[in-house]
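Quick notes on the structure that follows.
Index from 1, following the sequence.
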Amino acid sequence: MECVASDQMVGEGENVWSWLPDELKLKVLMEMMPDGRRGGGADERSKRRLAWFARVREDQTRSDFRRKHALPAVAAEGIMGRTAVFSQAELLRLAGVCRDMRRIVWDGTLWRALHLAPVVRSMGTAPVLAELLPRIGGGLRELSLARCASLGLAASAVAACPRLQSLDLTGVFVSSASPAGGGGGGVDLAGLLAPLGGLEVLVLDECMLGESDLQAIESCVPKLRVLSLRDVRGVIQSPSAVSPLARAPQALEVLALDGCWRMSEALLLDVVRKHADSLRSLSVARCSDAVSNAALVAIGEAVGRELEEVIIDGCVKASSAGVVALVEACEGRALKTLSLGHCDFVRDEVVEAIARATPNLTYLSLEGCHRLNDEAVCAALRRLDSASGLVSLNLARCRKLTDNVLHTLADIGVMHLQSLDISECGYMRSRTLIELAGVTPAMRRVRLRRVNKVFTSSFMELIPLWPKLELIDLSGDSSLRNEAVLTMIAACPELQIVDLSALRITDEVLEAIASGLPKLVSLTLRRCRMITDAGVAALAGGCPALAYVDLFRATEVSEAGFEALASRGVYVNEWAVPKAAEEQGNNALGNEAFWGAREMMSAHGDAHFLRAIARLEGR
């Protein structure tokens with residue numbers, strides 16, 4: 001393991017460093033505290049680290065015995081005082097230094113949250129159940145079992161953590177009351193939740209429940225505030241499965257029912273009215289039977305002025321009139337998030353109502369609202385009091401919008417904007433984006449997919465203005481050449497997710513990525529027909545955090561290129577995984593970076609990646 005202390009620190013603290021025992025030299029601690037996790041500048045961080053080294057030096061003696069055991073004692077104090085600095089992966093690596101360090105790290109007071117899937121990948125199921133959870137389970141408040149492969153592991157883990165306040169079972173839980181779990185392969189939800197009387201957050205997205213399971217939620221977790229039932233099999237197919245929520249005694253503040261396409265309008269309104277006094281966030285995306293104009297009007301009357309978040313993506317039965325009524329009912333200072341993605345009915349009057357009624361809006365998604373006109377959107381943005389405070393704006397596939405929208409955003413001064421999606425907005429140009437980039441220094445995520453007016457020369461001038469980018473999607477921007485992408489790599493070293501599909505790039509770009517993007521997790525190179533095995537091999541030799549590469553229809557890459565990636569644990573998309581890597585199983589492909597990056601990659605929205613996860617985990 002390599003020490004990542006800065007050159008300045010090593011130079012100033014050379015005497016202290018050289019005196020420490022060779023086997024422990026604090027190199028693990030230094031790796032656990034990368035610069036990006038600490039506040040202040042580099043000089044300030046180095047001073048703090050040097051001061052800590054000095055304390056270690058003062059507390060030790062020249063006795064071999066004392067010197068051997070002094071470091072864990074001082075390290076314990078350092079770790080205990082820096083609980084928020086260490087991630088769970090860092091703590092687990094720290095536990096591998098020695099027995100004394102393991103005893104320190106496995107102190108239950110250090111752990112409040114645990115994402116179990118990557119831990120199981122690194123430690124194995126048996127050590128997690130026999131050693132880790134018995135030690136730290138009593139102190140855990142948040143537990144994520146999202147997409148753990150073993151249902152039995154999930155049940156045992158929950159039983160070991162009686163003081164949980166937040167539990168995420170996304171994609172793993174199968175109820176014994178569901179058709180799939182009726183033969184003994186499921187777990188009783190009521191029995192699982194019964195010991196968790198203090199539970200406040202429960203996420204059951206993509207799980208498999210029976211129609212009676214929500215009654216267990218009604219009776220077992222009286223303090224529940226947040227409930228997510230997105231795409232729950234057994235609930236989405238039943239018109240009445242969520243009826244227990246209409247009589248539940250809890251005061252729900254956040255409720256997500258995405259994908260419950262058979263839920264009736266009357267039942268949705270009963271649930272909303274039951275929790276009207278407490279509800280702050282409502283997500284009913286793709287609830288096509290339940291969300292009509294009348295339902296939106298009734299929701300607005302019941303909870304409008306208190307709602308902070310409304311998500312009604314893909315609700316095709318409503319119209320502009322219903323959305324306008326809901327937005328006007330939310331008039332005030334509460335609403336901060338509004339998502340109307342893929343609502344084809346949204347017209348100009350909707351954005352006009354948004355401008356009038358939502359002074360504190362920070363997140364706005366109009367993806368796929370292709371009926372919107374340029375003039376109306378620009379006028380609404382100018383009238384929107386909170387436009388300068390927008391953090392995220394999604395205008396993807398609003399195909400009538402032009403450069404005027406970008407000019408308007410630049411004029412307003414959206415200095416807090418961190419996420420912008422103008423994918424498939426063919427009338428917007430990179431030359432105009434330069435003006436916007438000058439007032440958005442905090443930009444983190446940009447999607448420019450199939451924006452045909454993105455040209456190499458203007459892009460090279462644009463991209464240095466966004467040095468903090470973590471995600472960029474340039475897929476389909478066929479006018480971009482090597483020079484543009486090389487400039488991006490040099491200007492944006494923080495990039496983690498990059499999509500260069502269908503660009504005419506060569507191996508030179510892959511070589512630059514390997515050396516210039518150390519934090520890269522996902523790279524999509526679909527239909528990049530000019531890259532070869534040599535470039536892929538160079539990529540495999542760099543990018544230490546790389547977990548996923550999509551080479552679908554990269555026709556010049558052979559089995560040797562796929563093997564180079566698979567041999568170092570990088571996952572290649574499901575259309576191109578070579579047999580040799582496939583036969584090696586999960587251990588070869590499921591490295592720590594891959595499993596630790598799952599949530600980030602899910603947000604990336606790549607359908608091939610999500611299917612590949614399901615296949616690897618045997619779901």
Side-chain angles (χ1 to χ4, degrees), residues 36 39 226 253-254 256 280-283 285 306-313 323 327 330-343 346 350-351 353-369 372 377-378 380-398 401 405-423 425 428 432-449 451 462-463 465-473 492 494-497 599-600 602-605:
V226 177
E253 298 177 11
V254 178
R280 298 294 178 268
S281 173
L282 178 64
S283 181
E306 304 300 327
L307 282 177
E308 299 177 4
E309 180 179 51
V310 178
I311 300 174
I312 54 175
D313 296 352
V323 178
V327 170
C330 295
E331 184 172 2
R333 309 192 68 82
L335 191 63
K336 295 182 174 62
T337 298
L338 178 62
S339 182
L340 304 172
H342 305 288
C343 293
V346 170
V350 172
V351 293
I354 292 171
R356 291 194 306 269
T358 57
N360 280 345
L361 200 65
T362 58
Y363 176 95
L364 176 62
S365 175
L366 299 171
E367 180 179 358
C369 298
L372 293 176
V377 173
C378 291
L381 287 172
R382 292 188 185 280
R383 290 199 304 270
L384 183 60
D385 293 340
S386 65
S388 61
L390 279 174
V391 174
S392 177
L393 180 62
N394 187 347
L395 300 174
R397 291 188 287 281
C398 294
L401 302 186
V405 174
L406 301 180
H407 282 304
T408 301
L409 291 171
D411 291 343
I412 294 170
V414 284
M415 61 184 301
H416 301 292
L417 194 65
Q418 296 182 18
S419 177
L420 177 66
D421 190 343
I422 55 171
S423 299
C425 294
M428 296 185 182
T432 314
L433 279 169
I434 295 173
E435 183 182 351
L436 177 61
V439 298
T440 54
M443 189 68 75
R444 297 290 191 276
R445 304 166 70 89
V446 174
R447 296 184 184 274
L448 305 175
R449 183 177 66 254
V451 180
L462 160 70
I463 201 65
L465 301 176
W466 284 331
K468 298 180 180 179
L469 279 184
E470 298 173 358
L471 177 152
I472 190 165
D473 184 352
C492 306
E494 301 294 317
L495 280 170
Q496 300 175 28
I497 298 176
E599 291 182 354
M600 180 187 300
S602 297
H604 186 33

Calculate, to the nearest 0.5 Å, the distance between atoms [atom1] and [atom2] belonging to [X] and [Y] respectively.
X: Asp411; Y: Arg382; atom1: CG; atom2: CZ; value: 5.0 Å
X: Cys378; Y: Leu406; atom1: SG; atom2: CG; value: 9.0 Å
X: Glu470; Y: Ser419; atom1: CD; atom2: OG; value: 10.5 Å
X: Leu420; Y: Leu448; atom1: CG; atom2: CG; value: 7.0 Å
X: Lys468; Y: Cys492; atom1: NZ; atom2: SG; value: 12.0 Å
X: Ile412; Y: Leu381; atom1: CD1; atom2: CG; value: 5.0 Å

Taking all non-hydrogen atoms of both residues into account, name the closest pair between [X] and [Y] and its distance.
X: Gly368; Y: Cys398; value: N-SG, 4.4 Å
X: Tyr363; Y: Leu390; value: N-CD2, 4.4 Å
X: Gly389; Y: His416; value: CA-CD2, 4.1 Å
X: Ser365; Y: Ser339; value: CB-OG, 3.6 Å
X: Val346; Y: Cys369; value: CB-SG, 3.8 Å
X: Ala353; Y: Val327; value: O-CG1, 3.6 Å

Would you check if [X] and [Y] make a side-chain contact, meaning some heavy-atom pair closer than 4.5 Å?
X: Arg280; Y: Glu309; answer: no
X: Leu471; Y: Gln496; answer: no
X: Leu335; Y: Asn360; answer: no
X: Leu282; Y: Val310; answer: no
X: Arg445; Y: Gln418; answer: no
X: Leu364; Y: Thr358; answer: no
X: Thr408; Y: Val377; answer: no
X: Ile463; Y: Ile472; answer: yes

Under 3.5 Å, sequence neighbours excluded: what are the donor-acceptor pairs made by side chains of residues 432-442?
from	atom 1	to	atom 2	distance (Å)
Thr432	OG1	Asp403	OD1	3.4
Thr432	OG1	Asp403	OD2	2.9
Glu435	OE1	His407	ND1	2.7
Thr440	OG1	Leu436	O	3.0
Thr440	OG1	Trp466	NE1	2.9

_Please determine whether side-chain contact (heavy atoms from CB on, under 4.5 Å) holds for the pair Leu469 and Glu494, giving the CA-CA distance in whole Å, both sets of side-chain angles, and the decisive distance to 0.1 Å._
CA-CA 6 Å; Leu469 279 184; Glu494 301 294 317; over 6 Å; no
*Basic-acidic side-chain contact under 4.0 Å: Glu367, Arg397*: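 Salt bridge: yes.
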*Do the side chain of Thr362 and the main chain of Lys336 share a donor and acceptor less than 3.5 angstrom apart?*
yes
